[in-house]
Structures are given as C-alpha cells and as structure tokens.
Asker: 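Sharing a structure here in structure tokens format.
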Amino acid sequence: MEARLNLMASPVAAKFGKHIVAAGQVLADSTLPAATRELVLLRASQINGCGFCVDMHSKDAAHAGETSTRLNLVAAWREATVFTDAERAALELAEQGTRIADAAGGVTDEAWADAAKHYDEEQLAALVCTIALINAFNRGNVIVQQPAGNYQVGQFH
C-alpha cells in the first residue's frame, strides 16, 4: 500500500508543504473556535473522500475534547441536534465551499449571511481560509493515494 508519489522526497512538494503547513498554523492561532475548525476540517475531508484527513482530524478533534457522539454525527449534521447554530452555519459554508463544482451558484448568500450572524470578520476570514486549505490538502492526498481509497499515514498533511 504505497502512495503513487513520495511527497516527502520531492523538493518541490517539501517546500510547498512547509508553506501550506505554516498557513494551517496561522489558522490554528486565529480566533475561530477550535471545535468549529475541527468540525469543518472533518466534514470537508469526508466530502472529498480523503481517508488520511478524516482519520487525522477525527483523532485531533477527539484529543482536543470533542465527543465521539458529535464526531460520529458530523456526516449527518443537518439531522443531528448536537451542534450549535454557529457550528451548523460553519458546516453549511464548508459544504457549499467544498462542493462548488456541484452547484453553479457556488456559496449561497443565505449560507454566507448565516455564517456572518455567528462569526466576526476575522473569524469568517479564518473559516474561509480553513475551508480552502483543507480542500487543498484533501486534493493532494486523494491524487497521490492508490485507487480504492488506500491511504498510508504520513502522506501530505
């Protein structure tokens, strides 16, 4: 079960990885609540089918104190009652921002307005950047994974 490309052996990928990981640290240091950030990272990774990131972010969230009930319900957040209105708004924005190819209109004004009710401008900026960053990580991992979803710890992230 080997990746198609050893990103750690590539000077280009290593340099890129250094910068993208630094961007992730900027977001971790932002005022966006850590629980919200982890839920968004997990949900986008589920949508994108990135097993490596789903595994990593569910473990990171659990280590940070997230409950197994909430983690298990992220994929069904619309029907679940365990998420706050703010978290639900962030998850909706994450889904629409991740599925932009599926919807000709991109992110709806309603989704943006709902998120803006719960987060200030700095938090919204961090939320948008978190969604963009995890989508970049997911795509890098999915591209280098072997078919059939095989993944190996230590890939791209």
Side-chain angles (χ1 to χ4, degrees), residues 1 3 7-8 13-14 16-100 102 106-108 110-145 149-157:
M1 207 172 18
L7 292 171
M8 298 306 129
F16 176 79
K18 178 181 174 184
H19 291 288
I20 200 168
V21 167
Q25 188 58 54
V26 168
L27 299 172
D29 294 341
S30 75
T31 60
L32 182 67
T36 301
R37 188 171 33 82
E38 288 299 334
L39 294 173
V40 164
L41 295 170
L42 179 56
R43 184 62 189 131
S45 298
Q46 290 171 336
I47 292 166
N48 289 325
C50 182
F52 177 79
C53 290
V54 168
D55 180 59
M56 182 176 72
H57 292 297
S58 61
K59 288 175 181 173
D60 288 349
H63 185 263
E66 195 59 74
T67 68
S68 60
T69 299
R70 283 170 45 94
L71 291 174
N72 291 334
L73 289 170
V74 168
W77 66 267
R78 282 183 178 82
E79 294 80 20
T81 59
V82 296
F83 301 106
T84 68
D85 289 343
E87 290 167 338
R88 297 169 74 72
L91 288 165
E92 180 66 32
L93 192 65
E95 284 201 7
Q96 288 190 22
T98 298
R99 292 185 162 138
I100 54 176
D102 299 340
V107 174
T108 65
E110 294 82 9
W112 182 261
D114 194 26
K117 286 191 305 192
H118 300 284
Y119 301 101
D120 64 29
E121 285 202 15
E122 283 302 307
Q123 291 170 322
L124 283 170
L127 184 56
V128 168
C129 293
T130 297
I131 295 164
L133 185 63
I134 193 59
N135 276 281
F137 276 126
N138 291 161
R139 280 151 177 77
N141 281 331
V142 170
I143 290 167
V144 299
Q145 288 175 6
N150 294 327
Y151 72 93
Q152 137 186 21
V153 174
Q155 282 180 306
F156 189 55
H157 200 351

Asker: Is a side-chain N or O of Arg37 found less than 3.5 angstrom from the main chain of Leu32, in a donor-acceptor match?
Answerer: no

Asker: Quick check: closest heavy atoms across Leu91 and Arg43, and the distance to 0.1 Å?
Answerer: CD2-CB, 3.7 Å

Asker: Indicate yes or no: at least one non-hydrogen side-chain atom of Glu87 is less than 4.5 angstrom from one of His118.
Answerer: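 A side-chain contact is absent here, since even the closest heavy-atom pair is not under 4.5 Å.
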
Asker: Between Phe83 and Leu73, is a side-chain contact (heavy atoms from CB on, under 4.5 Å) present by the stated rule, with each step listed?
Answerer: CA-CA 9 Å; Phe83 301 106; Leu73 289 170; 4.1 Å; yes

Asker: Identify the two heavy atoms, one from Thr36 and one from Ala90, that lie closest to each other, and give their separation to 0.1 Å.
Answerer: CG2-CB, 3.5 Å

Asker: When you look at NE2 of His63, are more than 12 heavy atoms from neighbouring residues, nucleotides or ligands closer to it than 6.0 Å?
Answerer: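 No, because the 6.0 Å sphere around NE2 of His63 holds 12 heavy atoms or fewer from other groups.
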
Asker: Is the shortest heavy-atom distance from the side chain of Trp112 to the side chain of Leu124 under 4.5 Å?
Answerer: yes

Asker: Using modelled atom types only, decide if a donor and an acceptor are shared between the side chain of Arg88 and the backbone of Trp77 within a distance under 3.5 Å.
Answerer: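 Yes: the side chain of Arg88 pairs with the backbone of Trp77.
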
Asker: Heavy-atom distance under 4.5 Å between the side chains of Leu42 and Glu38, does that happen here?
Answerer: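 With C-beta onward as the side chain, the pair stays apart.
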
Asker: Considering non-hydrogen atoms only, spot the tightest contact between Ile131 and Val40 and give its length.
Answerer: CG1-CG1, 3.7 Å

Asker: List the atom of Ala35, the atom of Glu66, and the distance in Å for their closest heavy-atom pair.
Answerer: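 Heavy-atom minimum between the residues: CB-OE1, 3.9 Å.
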
Asker: Which pair of heavy atoms, one from Gln123 and one from Thr31, lies closest together, and at what distance?
Answerer: NE2-O, 3.0 Å

Asker: What heavy-atom pair brings Ile20 and Ala136 nearest, and what distance separates the two atoms?
Answerer: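 Nearest heavy atoms, Ile20 then Ala136: CD1-CB, 4.0 Å.
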
Asker: Is the backbone of Ser68 close enough, under 3.5 Å, to the side chain of Asn72 for a donor and an acceptor to pair up by distance?
Answerer: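 A pair under 3.5 Å: yes.
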
Asker: Test Thr98 against every option in Asn48, Asn138, Asn135 by the side chain to side chain donor-acceptor pair (under 3.5 Å) rule and name the one that passes.
Answerer: Asn135

Asker: Using the side-chain contact (heavy atoms from CB on, under 4.5 Å) definition, which of the options Asp114, Leu127, Thr108 pairs with Leu93?
Answerer: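 With Leu93 as partner, Asp114, Leu127, Thr108 yield a single side-chain contact (heavy atoms from CB on, under 4.5 Å), made by Leu127.
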
Asker: Are the side chain of Tyr119 and the backbone N or O of Ala125 linked by a donor-acceptor pair below 3.5 Å?
Answerer: no

Asker: Do Ile134 and His57 come close enough that some side-chain heavy atom pair is under 4.5 Å?
Answerer: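 Yes; the side chains approach each other to less than 4.5 Å.
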
